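What's counted below: heavy atoms across the whole structure, side chains too, no hydrogens, waters or symmetry copies. Predicted model, so just to flag it, every value in this text is computed and none were measured. Both counts, for ligands and for their atoms, begin at 1 and track the order of listing.
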Amino acid sequence: MKTEVTRVVAAVVQRGKRYLCMQRGRSQYSYLSEHWEFPGGKVEEGESDHEALVREIKEEMDWDVFVGRKIGEVTHDYPDFKVSITAYLCKGGDEDYKLLEHIDDKWLPLDQLKSLNWAEADRVLIERFLSEKE
Ligand SMILES: Nc1nc2c([nH]c(=O)n2[C@H]2C[C@H](O)[C@@H](COP(=O)(O)OP(=O)(O)OP(=O)(O)O)O2)c(=O)[nH]1
């Protein structure tokens, strides 16, 4: 039984009317492999959401972000594990990030977000918290 929930934080980075979307590389799980997500990752023991977001984005993009308000939280059951993702609205200090783990990035306006092949949990997040804003 997969009862354990992995706590994940995600940064919805806004620049003007566009949002940063990142494409994951290939992975063992077909439902995540090369799918789109918001930058972030797993919260470690003893870490706050804020600390985890700043650390993850530094690690995977060598980038500093300002973490703003909480947008929302979704829990999703993937076939092999369960995640609880808390998303925060963020701003980048500059645009000088690197793709150290991702294979592509796009800055898209809200009405184009759904055109990407998102990880399923993000699809719910976008539907629930981002779509109705415009
Ligand atoms: N960063 C991030 N992860 C997401 C999103 N949506 C989503 O389902 N996830 C999932 C994918 C991963 O299973 C988990 C995030 O952990 P991670 O990025 O640290 O995971 P990983 O599996 O690549 O890394 P790891 O076990 O090697 O540390 O949450 C999202 O928008 N951003």
Side-chain angles (χ1 to χ4, degrees):
M1 275 271 289
K2 42 172 176 147
T3 48
E4 224 175 273
V5 183
T6 303
R7 259 200 343 121
V8 173
V9 280
V12 178
V13 186
Q14 186 175 14
R15 185 178 77 198
K17 290 193 164 223
R18 292 176 179 261
Y19 297 86
L20 180 59
C21 316
M22 306 292 289
Q23 188 176 20
R24 291 177 75 87
R26 286 224 179 143
S27 77
Q28 57 173 322
Y29 304 120
S30 58
Y31 48 87
L32 290 176
S33 188
E34 298 181 53
H35 282 58
W36 290 79
E37 66 174 18
F38 295 108
K42 292 171 188 154
V43 180
E44 289 176 359
E45 190 79 37
E47 235 180 6
S48 67
D49 283 8
H50 184 284
E51 286 165 338
L53 256 192
V54 169
R55 176 187 51 73
E56 283 283 356
I57 292 175
K58 192 76 187 166
E59 278 173 15
E60 64 192 26
M61 299 168 74
D62 191 20
W63 201 32
D64 296 311
V65 291
F66 301 103
V67 181
R69 71 173 175 84
K70 179 170 159 177
I71 292 175
E73 192 170 336
V74 294
T75 300
H76 188 77
D77 244 327
Y78 285 118
D80 305 276
F81 55 90
K82 188 169 181 172
V83 288
S84 167
I85 303 179
T86 309
Y88 291 85
L89 194 64
C90 296
K91 294 240 183 283
D94 53 34
E95 286 162 34
D96 196 15
Y97 57 80
K98 305 182 179 98
L99 303 193
L100 300 175
E101 291 178 14
H102 293 96
I103 56 174
D104 200 4
D105 66 320
K106 284 184 197 295
W107 289 92
L108 295 183
L110 283 182
D111 63 354
Q112 285 176 32
L113 285 185
K114 288 186 197 166
S115 64
L116 298 177
N117 186 24
W118 289 93
E120 199 53 41
D122 295 67
R123 209 167 271 293
V124 179
L125 209 141
I126 291 166
E127 199 67 57
R128 204 177 287 169
F129 302 109
L130 293 174
S131 293
E132 78 277 10
K133 279 181 54 183
E134 270 188 354

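- Those atoms of ligand 1 that come under 4.0 Å of a heavy atom in F38, given as number and element, are 1 (N), 2 (C), 30 (C), 31 (O), 32 (N).
- Panel note: side chain W36, backbone K106; no donor-acceptor pair is recorded below 3.5 Å.
- Y31 has its ring centre less than 6.0 Å from the ring centre of Y78.
- Annotation for D64: atom CG does not count as buried by contact number, only 12 or fewer foreign heavy atoms lying within 6.0 Å.
- Considering only non-hydrogen protein atoms, atom 17 (P) of ligand 1 sits nearest to G41 CA, 4.0 Å.
- Numbered from 1 in the order shown, with element, the atoms of ligand 1 that lie under 4.0 Å from a heavy atom of F81 read 13 (O).
- Here F81 and Y29 bring their ring centres to under 6.0 angstrom of each other.
- In this structure, atom 8 (O) of ligand 1 lies nearest to the protein heavy atom Y78 OH, 2.6 Å.
- Using a 4.5 Å heavy-atom threshold, the side chains of Q23 and H102 count as separate.
- Heavy-atom contacts of A121 reach the following atoms of ligand 1: 8 (O) (cutoff under 4.0 Å).
- Residue L32 approaches ligand 1 through these ligand atoms, each under 4.0 Å from one of its heavy atoms: 11 (C), 13 (O).
- Atom 29 (O) of ligand 1 has its closest protein heavy atom at V8 CG2, 3.5 Å.
- Within the 4.0 Å heavy-atom cutoff, Y29 does not count among the residues contacting ligand 1.
- In this structure, the protein non-hydrogen atom closest to atom 9 (N) of ligand 1 is I85 CD1, 3.9 Å.
- In this structure a side-chain-to-backbone donor-acceptor pair under 3.5 Å is missing from E60 to P39.
- Under the 4.0 Å distance rule, the nearest protein heavy atom to atom 27 (O) of ligand 1 falls outside the cut-off.
- Within the listing of ligand 1, atoms 1 (N) sit less than 4.0 angstrom from a heavy atom of G40.
- Protein heavy atom at the shortest distance from atom 3 (N) of ligand 1 is E37 OE1, 3.3 Å.
- The shortest side-chain heavy-atom distance between C90 and L53 falls under the 4.5 Å cut-off.
- Taking distance alone, with nitrogen or oxygen atoms compared against 3.5 Å, K42 approaches ligand 1 more closely than that limit.
- At a threshold of 4.0 Å, the pair R24-E34 does not count as salt-bridged, since none of the basic side-chain nitrogens sits closer than that to a carboxylate oxygen.
- When the options K42, K70, R7 are evaluated for a salt bridge (Lys or Arg N to Asp or Glu O under 4.0 Å) with D49, the one that passes is R7.
- Counting only heavy atoms of the protein, atom 10 (C) of ligand 1 lies nearest to V83 CG1, 4.4 Å.
- For atom 31 (O) of ligand 1, the nearest protein heavy atom (residue, atom name, distance) is D122 OD2, 2.4 Å.
- A distance-only check finds a donor-acceptor pair linking the side chain of H35 to the backbone of S33 [under 3.5 Å].
- Closest to atom 23 (O) of ligand 1 among all protein heavy atoms lies R24 NH2, 2.8 Å.
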